[in-house]
Amino acid sequence: MASISITVDGVRYDDDVEPRTLLVHHLRETLGKVGTVVGCDTSNCGACTVLLNGRSVKSCSVLAVQADGQEVTTIEGLSQNGELHPVQRAFHERHALQCGFCTPGMIMSAVSLLADEPNPSTEEIREGIEGNLCRCTGYQNIARAIEHTATTSRGGVAEPAAEATSAAAANSETQEVAA
Ligand code: FES
Ligand code: FES
């Protein structure tokens, strides 16, 4: 066993883990952070994405011991004082999810993307989420939600809700792939 200390969503946790334990399993099974999900066993889907020292990583491809002494942010740590993070709010308002399974990882990748590039182009948004797979939405509204977050954080005018609603209706027909 290895002794590790990881700060997760602002709280420090000291634990003993098997050296082979994946970070995602440590988060879910030891710390109860079940908002971070496992969608594959090939490191392809991105559903397990968290922030490690502010940068997005697939937590199924990181060992818990590699996060020793580091800061991890999960989807459960994004909201502040009961207020959704702007990306969370945009996903809700822009209908950027259907079943929701990919959503935690997708949002964490979007947060990382916007931290690196607060004013991303549509192409940069699509590249930024290319490691996250969604089987439901066709990606269109996800990209729109991220763009909406960037626009509103710059004090810009939000896309009309009616347009988002019609986009939601079109969503099920759109099977555009991000990458
Ligand atoms: Fe699919 Fe991590 S669970 S990439
Ligand atoms: Fe279902 Fe993305 S909303 S997988």
Side-chain angles (χ1 to χ4, degrees), residues 4 6 8-9 17-68 70-79 84-114 116 122 125-149 164-179:
I4 61 171
I6 309 177
V8 181
D9 298 336
V17 299
E18 292 278 357
R20 63 182 177 178
T21 304
L22 297 175
L23 178 58
V24 67
H25 292 148
H26 182 61
L27 291 171
R28 288 178 56 83
E29 293 161 20
T30 305
L31 307 186
K33 297 284 184 179
V34 293
T36 302
V37 297
V38 178
C40 71
D41 57 8
T42 54
S43 298
N44 276 327
C45 76
C48 63
T49 302
V50 299
L51 303 184
L52 183 60
N53 298 326
R55 307 301 300 268
S56 61
V57 297
K58 293 178 177 178
S59 60
C60 72
S61 62
V62 177
L63 295 169
V65 292
Q66 291 177 296
D68 182 29
Q70 316 293 317
E71 289 203 19
V72 172
T73 305
T74 76
I75 188 71
E76 294 169 57
L78 279 190
S79 65
L84 291 178
H85 185 282
V87 177
Q88 291 175 303
R89 199 162 54 243
F91 268 61
H92 173 65
E93 293 174 353
R94 302 284 128 174
H95 308 286
L97 61 140
Q98 289 183 20
C99 81
F101 195 83
C102 72
T103 308
M106 198 69 82
I107 287 175
M108 300 312 287
S109 289
V111 169
S112 181
L113 165 68
L114 292 172
D116 283 346
T122 303
I125 290 172
R126 289 176 174 273
E127 284 178 2
I129 58 170
E130 68 182 359
N132 294 76
L133 302 182
C134 176
R135 294 189 181 278
C136 305
T137 66
Y139 300 97
Q140 194 71 10
N141 281 3
I142 291 172
R144 284 191 177 121
I146 297 169
E147 196 166 17
H148 174 77
T149 309
T165 304
S166 65
N171 217 4
S172 60
E173 300 167 11
T174 307
Q175 290 304 314
E176 194 172 330
V177 177

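Remember, it's 1-based here, ligands and their atoms both numbered in the order they're listed. The shown structure was predicted, so the numbers you read here are calculated from the model rather than taken from an experiment.
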Considering the options Thr36, Thr73, Val8, Ile75, which one meets the side-chain contact (heavy atoms from CB on, under 4.5 Å) requirement together with Val50? Thr36

As a test of understanding, state which of His95, His148, Gln98 forms a side-chain contact (heavy atoms from CB on, under 4.5 Å) with Asn141. His95

Quick one: does [X]'s side chain get under 4.5 Å of [Y]'s, heavy atoms only?
{"X": "Leu23", "Y": "Gln66", "result": "no"}
{"X": "Leu51", "Y": "Ser112", "result": "yes"}
{"X": "Val87", "Y": "Leu78", "result": "no"}
{"X": "Ser109", "Y": "Met106", "result": "no"}
{"X": "Arg55", "Y": "Asp116", "result": "yes"}

Which of the atoms of ligand 1 are close to [X], meaning less than 4.0 Å from one of its heavy atoms?
{"X": "Gly46", "result": "1 (Fe), 4 (S)"}
{"X": "Ser43", "result": "4 (S)"}
{"X": "Cys45", "result": "1 (Fe), 3 (S), 4 (S)"}

Looking only at protein heavy atoms, identify the closest one to atom 4 (S) of ligand 2 and say how far it is in Å. Arg135 N, 3.3 Å

Considering only protein heavy atoms, which is closest to atom 3 (S) of ligand 1, and at what distance to one decimal place? Gly39 N, 3.3 Å

Going by the atom numbers of ligand 2, which of them fall below 4.0 Å from some non-hydrogen atom of Cys134? 2 (Fe), 3 (S), 4 (S)

If you count the atoms of ligand 2 from 1 in the order shown, which ones are under 4.0 Å from a heavy atom of Gly100? 1 (Fe), 3 (S)

So that I can check it, does any N, O or S atom in Cys102 come closer than 2.8 Å to atom 1 (Fe) of ligand 2? no

Given atom 2 (Fe) of ligand 1 as the apex, I'd like the angle to SG of Cys60 and SG of Cys48, rounded to 10 degrees. 100°

Shortest non-hydrogen contact between Arg126 and Gln140, atoms and distance: NH2-OE1, 3.0 Å

Side chain, backbone, both or neither: which applies to Asn44 and ligand 1 if a contact is any heavy-atom pair less than 4.0 Å apart? backbone

Angular separation of SG (Cys99) and SG (Cys136) seen from atom 1 (Fe) of ligand 2, to 10°: 100°

